[in-house]
Each structure stands twice: as C-alpha cells, then as structure tokens.
2 protein chains.
Amino acid sequence: MKATVKSDKGDRRIGSPEETVFLELTRTTDMLSRGLAGILKSEDLSSTQYNVLRILRGAPDGLPCGEIASRMITRDPDVTRLLDRLEKRKLISRCRETKDRRTVMVRITADGLQLLARLDEPVQAGHRKQLGHLGRERLRSLTDLLLVARSQVL
Amino acid sequence: MKATVKSDKGDRRIGSPEETVFLELTRTTDMLSRGLAGILKSEDLSSTQYNVLRILRGAPDGLPCGEIASRMITRDPDVTRLLDRLEKRKLISRCRETKDRRTVMVRITADGLQLLARLDEPVQAGHRKQLGHLGRERLRSLTDLLLVARSQVL
DNA sequence: CAACCATACTCGTTTTAACGACTATTGTCA
DNA sequence: TGACAATAGTCGTTAAAACGAGTATGGTTG
C-alpha cells in the first residue's frame, strides 16, 4: 500500500460518512500492511513480491505474466521487472510458450515454495496478533461489509 | 497504498478469518484509492501530496515538518523532498523558525488552498459514488469496526 | 562553559513504481 | 494472401519511496 493518510486530525471539518469510511480504511489497511511488511522483510521480500509468489503458488501449472498482472493491481509493464527481480533470486522461472510464442509462462520454483512456507506461520501469527482480538463475530461482519462495499464499485 | 493484492483467487487454501479480513481490506482500500488517485491526477497530485495539503489546511498556523511526517506514515527523511516538490509548485511555503532555528515551519499557500478547494467537490462526489450505496447504517458499522480493529493494534 | 546527547532536518544513493513508446506474434477478413 | 488490428511482453525514462549517513541547532550536566 502506498502509504498515505494517517491521522489528518487537526482538520476539523468532519467529512461525509463516505469519506470517513475511506479514511478509516486507509489508516487501518496501512497500519496492518506495515506489520506484514515487517514480517516479509525478514526474507527480503516486498509485499508486492510476496503477492506474486502467493498467486503463483495457487497456480502450479504456471501463469502467463499478463494474467499475473491482472490479478494484481500493478500494470502490465511493471510486472516484467518485478518478475525479473524474482527470477534473479531463483524464486520463479519463466519460459516462452511454444504454441503462442507471445506469452511467457511463469512458475514458482521449489525455492520460492520453500520461502513461502517459511513465511506462512509468521504471517498467520501476525494476522492473529493484529486482528484476533476482534473475534469471529466482528471479523465476519467486517468481511461481509467489505465485500458489499466492493461489489458495487466498478 | 502501495497497491498490492487484488484477487489471489486460484489459491484454494482458505485462510484464517483474520487473513481474510486483511485481504479484503487490502483489496477494498486499493480499489478505492485508485478512484481517488484518478481524481487527483486531474491536478497532477499524488495522494501523498494531497494528504499533506489537507493536513496543512487543518493547521493554518503551519506545522513543523516533523509533525507532518508523524501525521502521515512516511518517514521523516522523505518528507523533505515531498515538500520540496510542493514548494516548487508554490503550494506550500517554508520558513525557518526564529526561536528554534532547527525547525522549519510549513504552511499551505493561497494557491494550495485554491487547489484543494477545486478538488473538494470531485473528491466528495467520488466517495459518494464509490461508497454511497452502502447507506448510513452500514457506513457507520464499517467505521465502528475499523476503529475497533485499529484500537488494539500496536 | 565545555563536552555530550537529543532534536529537526537535509542530502546521497539504491530500489521500486508509473507512464509511455516499441517489438514480436497471432488472428482476422477483404 | 496481405494489410491491419489486437495481444503479450519488453525497454527507456522519469518520478517517488526507502534506507542510511551527515549537518546544524538546542538543551544538559559535570
């Protein structure tokens, strides 16, 4: 997350309820992301990189890099170099398809899987530590509300 | 927000409720931020810059730049150059304090205020468009839940 | 008052992200 | 089939963010 707002207190004008939600979302997400980033740093991984690896773990047969881009937010052009960095570290591999020679298939390597495996536990623990106090009930409400919120937006 | 996860579908393992919330938060915030960024782009402003300006609007007497940094997430060192860019555009002004000559006071300029004023309406409209469909009730629940979530962390 | 620590920024450098233009294949249809 | 458009990635460049070290000023204390 690009990190943005934190408090903005001092600005006395109370915004619309919609804006309030937006600001709260931003602050909360930002705070949580910071925690995750700290955990990932132990493996020298950015959260974007972590995400790519997780996406690839979910697709053992590999994915064309356009598909990766579309599952993330970052645009096509940037994925190339993101993958470059991961490939340099042997966490993924790329190979050009023989059928459609335009597409490049990307797969996670054994090294990549191991790295993810090392992170699984700390990441889960981090999430529990940050959000566990909410309890099932509220976690569920929150998830539901967010789904509804997102469903409408384009 | 640095833009990160979007879908991650394909990864069949259903995570903990905490992780689910985290992912939903990330996706939602990301989607909403994207919308805001689009609006800000009309004035060639990044969301970080927008935030600084809003913070400063709330503090007519100016703020030392360390205080700005602490109200945002970004670290001290980076605020300097962020302000550099804003100053170059005459949106803020800086002057060294006479009392404590270490601190630099930052103020928003008339130009800066005008720019914000031009954005106020579109930004509000954007938020309503994105989240208005939730209705008072759910907006409020969401805000409350987020506050609770954040209260505990760190 | 002199040495020392803390504070408040600034500067240098390396990574990343963002935007645009460019290349290579494939698919379409006149 | 031959021109044209669409698709899939890559490359170049500029702008931000991240991390660390450095500078100046102000407070503290022996």
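Protein chains get the first letters and strands the later ones, always in sequence-line order, with residue 1 at the start of each. Keep in mind that what you see is a predicted model, and the values were worked out from it rather than measured.
Distance, B:Leu83 CG to C:dC9 P: 10 Å, rounded to whole Å. Atom-to-atom, CG of A:Leu63 to P of D:dA8 comes out at 13 Å; the value is rounded to the nearest Å. Whole-Å rounding puts the A:Ile68 CD1 to D:dA8 P distance at 13 Å. As a whole-Å value, the separation of B:Leu40 CG from D:dA15 P is 19 Å. With rounding to whole Å, B:Met105 atom CE is found 14 Å from C:dC9 atom C1'. Put simply, CG on B:Asp44 is 15 Å from P on C:dA18, counting in whole angstrom units. If you take CD of A:Gln49 and P of C:dT15, they are 12 Å apart, rounded to a whole angstrom. Computed from coordinates, the A:Leu82 CG to C:dA17 P distance equals 7 Å when rounded to whole Å.
Among the atoms of the strands shown, only primed sugar atoms or phosphate atoms (P, OP1, OP2) are found under 4.0 Å from some heavy atom of B:Thr103. Using a 4.0 Å heavy-atom distance criterion, A:Arg81 is classed as a base contact. Looking at heavy-atom distances under 4.0 Å, B:Asp78 makes contact with a base.
Taking every side-chain heavy atom of A:Asp100 into account, C:dT26 is the closest of D:dA16, D:dG9, C:dT26. Taking every side-chain heavy atom of B:Arg102 into account, C:dT7 is the closest of C:dA17, C:dC9, C:dT7.
Heavy-atom minimum distance, A:Arg138 versus B:Leu145: CG-CD2, 3.5 Å. Listed here is the closest heavy atom pair of B:Arg107 and B:Gly62: CG-CA, 3.6 Å.
Proximity of B:Leu119 to B:Leu45: side-chain heavy atoms (C-beta onward) are separated by under 4.5 Å at one or more points.
With the nearest nucleotide of DNA chain C identified for both A:Lys99 and A:Arg85, A:Arg85 has the one nearer the 5' end. Residue whose closest nucleotide on DNA chain D sits further toward the 5' end, between A:Arg96 and B:Ser46: A:Arg96. Toward the 5′ end of DNA chain D lies the nearest nucleotide of A:Val79, the other residue of the pair A:Val79 and A:Lys41 mapping further downstream.
The CG atom of B:Leu23 sits 10.0 Å away from atom OG1 of B:Thr28, with the distance rounded to the nearest 0.5 Å.
Comment: B:Arg34 engages B:Asp30 in a salt bridge, judged by a side-chain N to carboxylate O separation of less than 4.0 angstrom.
You won't find any donor-acceptor pair under 3.5 Å spanning the side chain of A:Arg101 and the base of C:dT25, going by distance alone.
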